[in-house]
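Following: one structure in C-alpha cells, then a few remarks.
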Amino acid sequence: MKIAMLGLGKMGGNMTRRLLKSGIQVVGFDFSQETVNQIASVNGMIPSTSVADAVAKLDGESPKIVWLMLPSGDPTENQIKDLVPLLNKGDIIVDGGNSNYKHSQRRGAWLAEQGIGFMDCGTSGGIWGLENGYCLMTGATPEVAKVLEPVMKALAHEDRGWAHVGPVGSGHFTKMLHNGIEYGMMQAMAEGLDLLKGKEEFNLDLAQITELWRHGSVVRSWLLDLTAESLKVDQTLENIAPYVADSGEGRWTVVEAVEQGVAAPVLTVALQARFRSQDSKGYSYKLLSLMRNAFGGHAVKTK
C-alpha cells in the first residue's frame, strides 16, 4: 500500500515515520526540501518536489490516497481545491489536521460532487505518537473508512486506538470536544498544583507529590505523568513566561456549547483562563504552558 503525505512537520513527519515502520510506503512532500530529504534518507520515504509530483508517484494505486497534515483554514482549503484536478474519481483525500468540523462537512459534500472520497481524521498523541501510536477519530462513509483501515491500524495506539466514529465531520467534531475536555483537565491540575505551591509553611515538593499521585490515585493520567516528569527537572519554572496559547478547538468547543444550549462552565472557564494568561502572571499559567510542551511539543514562551 502507498499513500501521499502532504505536510511533514512535527505530526506529519512522525506519522510518516510510523507508517514506514509498519510497511506502508509513503510519498512525502513539504515546502521544506531539507525535511523531505532528511526523512527520505533516514526513514526510506519516497521524496517528491511538489504536490503534483507526489500525486504522480501514486500511479498504479487505486484509489490514490492523499493525507493532509496542514494548518487549518486557508492552507487546508486551498490545498484540497488544488488537489481535485490531479485526482480521479474514487480517489480519497484525508484531512488529519485540526479543521473546524463544519468546514469538513462542507468540503466532504463538495468533494463527493467531484466523485472524490473524503475523511476527516481527528489526531491526538502529540510528539509521542511516533513511539506510542496515535488516537484517531475518523469521519467518513463506510466505504472510505474501509479503504483507510490498514493506515489507521498502522498509526494507532494498539488495536483500540482508532475508530470510525460517524459520517464526514464527526471525526473533527469528536477531536474538538476532546481538546475542549483537555483544556478543563489541564486547568484543574494547574490550579491545584498552584495551591500546593502557595502553602509555603509546608514547603511541599511538587515533584514528589505528582509522582505519588501517579500510583493508585483517582487523578492519575498521562497528563499527570508528563507533568510529574517535567517537575522533576524544574519546579520553579522561572524561565517560562505565564502565557498560554489557545487553539481553535477550545474556542470552537465553547461556541458549540452555546449553539446547543448546553452548560459547559468548566470548559468555558478554562478557555477564558488562557485568554487571561495572555495579559497576566501566575504559576498555574506556567504549568499549563509546560504541559502543552510536554505532550505536544508546543513552543514555550520564555522570559
Please check this pair: side chain of [X] against backbone of [Y], looking for a donor-acceptor N/O pair closer than 3.5 Å.
X: N293; Y: H298; result: yes
X: K197; Y: Y283; result: no
X: R214; Y: L224; result: no
X: Q278; Y: V244; result: yes
X: R274; Y: L271; result: no
X: S277; Y: Y243; result: no
X: N179; Y: E182; result: no
X: T123; Y: C121; result: yes
X: S41; Y: Q38; result: yes
X: E149; Y: A145; result: no

Is there a path of hydrophobic side-chain contacts, each under 4.5 Å between heavy atoms of I/L/V/M/F/W/Y residues, joining M291 to L206? yes
Verify same cluster id: M119, L83 (apolar side-chain graph, 4.5 Å): no
Holding to ring pair (Phe, Tyr, Trp, His ring centres under 6.0 Å), I want the full list of residues that pass it with F202, two or more places apart in sequence or in another chain. none
To which residues is [X] joined in a hydrophobic cluster, defined by side-chain heavy-atom contacts under 4.5 Å among Ile, Leu, Val, Met, Phe, Trp and Tyr, whether direct or through other members?
X: L195; value: none
X: V233; value: none
X: V269; value: none

With distance as the sole criterion, is a donor-acceptor pair present between the side chains of [X] and [Y] under 3.5 Å?
X: Q187; Y: E191; result: yes
X: N14; Y: E131; result: no
X: S99; Y: R107; result: yes

If you look at every heavy atom in [X] and [Y], which pair is closest and at what distance?
X: R18; Y: G129; value: CD-O, 3.6 Å
X: V147; Y: P63; value: CG1-CG, 3.9 Å
X: V26; Y: L20; value: N-CD2, 3.8 Å

Applying the side-chain contact (heavy atoms from CB on, under 4.5 Å) criterion to L136, which one of V165, V151, L155 satisfies it?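 So, applying the side-chain contact (heavy atoms from CB on, under 4.5 Å) to L136 and each of V165, V151, L155, only L155 qualifies.
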Which pairs count as side chain to side chain donor-acceptor pair (under 3.5 Å) when at least one residue sits in residues 253-268, sequence neighbours excluded? Y101-E256, K102-E259, E256-Q260
What I want to find out is whether K64 reaches D59 closely enough, with some N-O distance under 4.0 Å, to be called a salt bridge.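 Looking at D59 together with K64, the answer is yes, because their closest N to O distance falls below 4.0 Å.
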Test: E229 and K232 ion pair at under 4.0 Å: yes
The criterion is side-chain contact (heavy atoms from CB on, under 4.5 Å); which residues satisfy it with I209, sequence neighbours excluded?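 By the side-chain contact (heavy atoms from CB on, under 4.5 Å) rule, I209 matches L196, L204, W213.
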